[in-house]
Amino acid sequence: MDAVDGAILRRLQQDGRQTNRELAAAVGVAPSTALERTRALRAGGVITGFHAAVDPAALGRGVQALIAIRVRPQSEEAILSVRDRLAAMPETLSVFVVTGNDDVMVHVAVPSTRYLRDFVLDRIARRKEFVDVRTTVLLDHVEVREQVELSDVAKP
């Protein structure tokens with residue numbers, strides 16, 4: 001990746017719906033160059049797709065939480081199975097397999113704290129393979145959408 005690729009990535013992360021002509025003008029390259037570079041970034045797996053960003057609160061899911069879970073048996077198969085089951089739940093925004101005291105963290109968005117309580121107690125905590133479940137309600141959440149190579153970031 002070079003500076004042109006980085007500029008293309010930043011622009012696409014800001015607005016993935018802009019036309020190739022708009023992208024090329026913003027980055028200062030020919031439209032054919034912008035298209036070729038964008039295709040190469042997709043083919044190389046840097047750009048993994050385009051999607052619509054949705055505000056959960058606008059969908060009536062204004063309460064977000066992180067749920068930390070310890071899984072038993074402690075095996076890759078068990079943890080990946082849990083990850084996949086949690087990811088399939090409509091309340092789930094993200095699932096993370098982590099190190100430390102917990103095995104999995106799930107980020108959920110739900111309509112209310114009452115819904116969250118029922119969700120955790122009835123659908124999460126009762127599972128026999130979960131030996132510890134802790135829930136943290138998020139008071140604020142900022143999703144960083146623009147990613148750059150760390151070499152592009154000024155050193156402290």
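Being a predicted model, the structure only gives us computed values, none of them experimental.
- Between the CG atom in Leu41 and the CG atom in Leu9 there is a gap of 5.0 Å [rounded to 0.5 Å].
- Residues forming a salt bridge (charged side-chain N to carboxylate O under 4.0 Å, His left out) with Glu77 (at least two apart in sequence, or on another chain): none.
- The two residues Pro73 and Ala78 make their nearest non-hydrogen contact at O-CB, 3.4 Å.
- The heavy-atom pair separating Ala65 from Leu116 by the smallest distance is CB-CD2, 3.8 Å.
- Side-chain heavy-atom separations under 4.5 angstrom define the hydrophobic clusters, and Val131 shares its cluster with no other residue.
- Going from atom OG1 of Thr136 over to atom CD1 of Ile67 covers 9.5 Å, rounded to the nearest 0.5 Å.
- Annotation: salt bridge (charged side-chain N to carboxylate O under 4.0 Å, His left out) contacts of Arg37 (sequence neighbours excluded): Asp2, Asp5.
- Ala30 meets the side-chain contact (heavy atoms from CB on, under 4.5 Å) test with Ser32, Thr33; sequence neighbours excluded.
- Phe96 and Val137 fall into different hydrophobic clusters, where Ile, Leu, Val, Met, Phe, Trp and Tyr residues are linked whenever their side-chain heavy atoms come under 4.5 Å apart, directly or through other members.
- Arg126 meets the salt bridge (charged side-chain N to carboxylate O under 4.0 Å, His left out) test with Asp122; sequence neighbours excluded.
- Rounded to the nearest 0.5 Å, atoms OG (Ser94) and CG (Leu86) are 11.5 Å apart.
- Take Glu22 and apply the side-chain contact (heavy atoms from CB on, under 4.5 Å) test, not counting sequence neighbours, and it matches Gln18, Thr19.
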Candidate pair Ile8 and Thr38, rule side-chain contact (heavy atoms from CB on, under 4.5 Å), full reasoning = CA-CA 7 Å; Ile8 288 171; Thr38 301; 3.7 Å; yes
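- Separating the CG atom in Asp118 from the CG atom in Leu121 is a distance of 7.0 Å, to the nearest 0.5 Å.
- Looking at every heavy atom in both residues, Arg10 comes nearest to Ala3 through NH2-O, 4.4 Å.
- The side-chain hydrogen bond (donor to acceptor under 3.5 Å, both in side chains) test applied to Arg21 returns no partner, not counting sequence neighbours.
- Counting non-hydrogen atoms of neighbouring residues, nucleotides and ligands closer than 6.0 angstrom, the CD atom of Glu36 reaches no more than 12 such neighbours.
- Contact record, Gln74 with Val71: OE1-O, 3.5 Å, taken as the closest heavy-atom pair.
- The cluster map of Ile, Leu, Val, Met, Phe, Trp and Tyr, joined by side-chain heavy atoms under 4.5 Å apart, puts Phe50 and Val46 in the same cluster.
- Of the listed residues (Asp102, Val98, Ile124), just one forms a side-chain contact (heavy atoms from CB on, under 4.5 Å) with Ile69, and that residue is Ile124.
- Contact record, Ala7 with Val27: CB-CG1, 3.9 Å, taken as the closest heavy-atom pair.
- Looking at every heavy atom in both residues, Ala125 comes nearest to Val133 through CA-CG2, 4.1 Å.
- Atom CG of Asp84 has more than 12 neighbouring heavy atoms from other residues, nucleotides or ligands inside a 6.0 Å radius.
- Every residue two or more places apart in sequence or in another chain that forms a side-chain hydrogen bond (donor to acceptor under 3.5 Å, both in side chains) with Ser81 is listed here: Arg85.
- Between Pro56 and the options Leu93, Val108, Val110, a side-chain contact (heavy atoms from CB on, under 4.5 Å) holds for only Leu93.
- Leu35 pairs by the side-chain contact (heavy atoms from CB on, under 4.5 Å) definition with Asn20, Arg39, not counting sequence neighbours.
- Annotation: side-chain contact (heavy atoms from CB on, under 4.5 Å) contacts of Arg123 (sequence neighbours excluded): Met89, Pro90, Glu91, Phe119.
- Under the side chain to side chain donor-acceptor pair (under 3.5 Å) criterion, the residue pairs touching residues 40-68 are Gln64-His107, with sequence neighbours excluded.
- Tracing side-chain contacts under 4.5 Å through hydrophobic residues (I, L, V, M, F, W, Y), one reaches Val106 starting from Val97; they form part of the same cluster.
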Evaluate the criterion side-chain contact (heavy atoms from CB on, under 4.5 Å) for residue pair Phe130 and Val82; output intermediate values, then yes/no.
-> CA-CA 9 Å; Phe130 297 170; Val82 165; 3.5 Å; yes
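- In the hydrophobic clustering of this structure, Val63 does not group with Met105; members are Ile, Leu, Val, Met, Phe, Trp, Tyr whose side-chain heavy atoms approach within less than 4.5 Å, directly or through other members.
- Annotation: salt bridge (charged side-chain N to carboxylate O under 4.0 Å, His left out) contacts of Arg72 (sequence neighbours excluded): Asp103.
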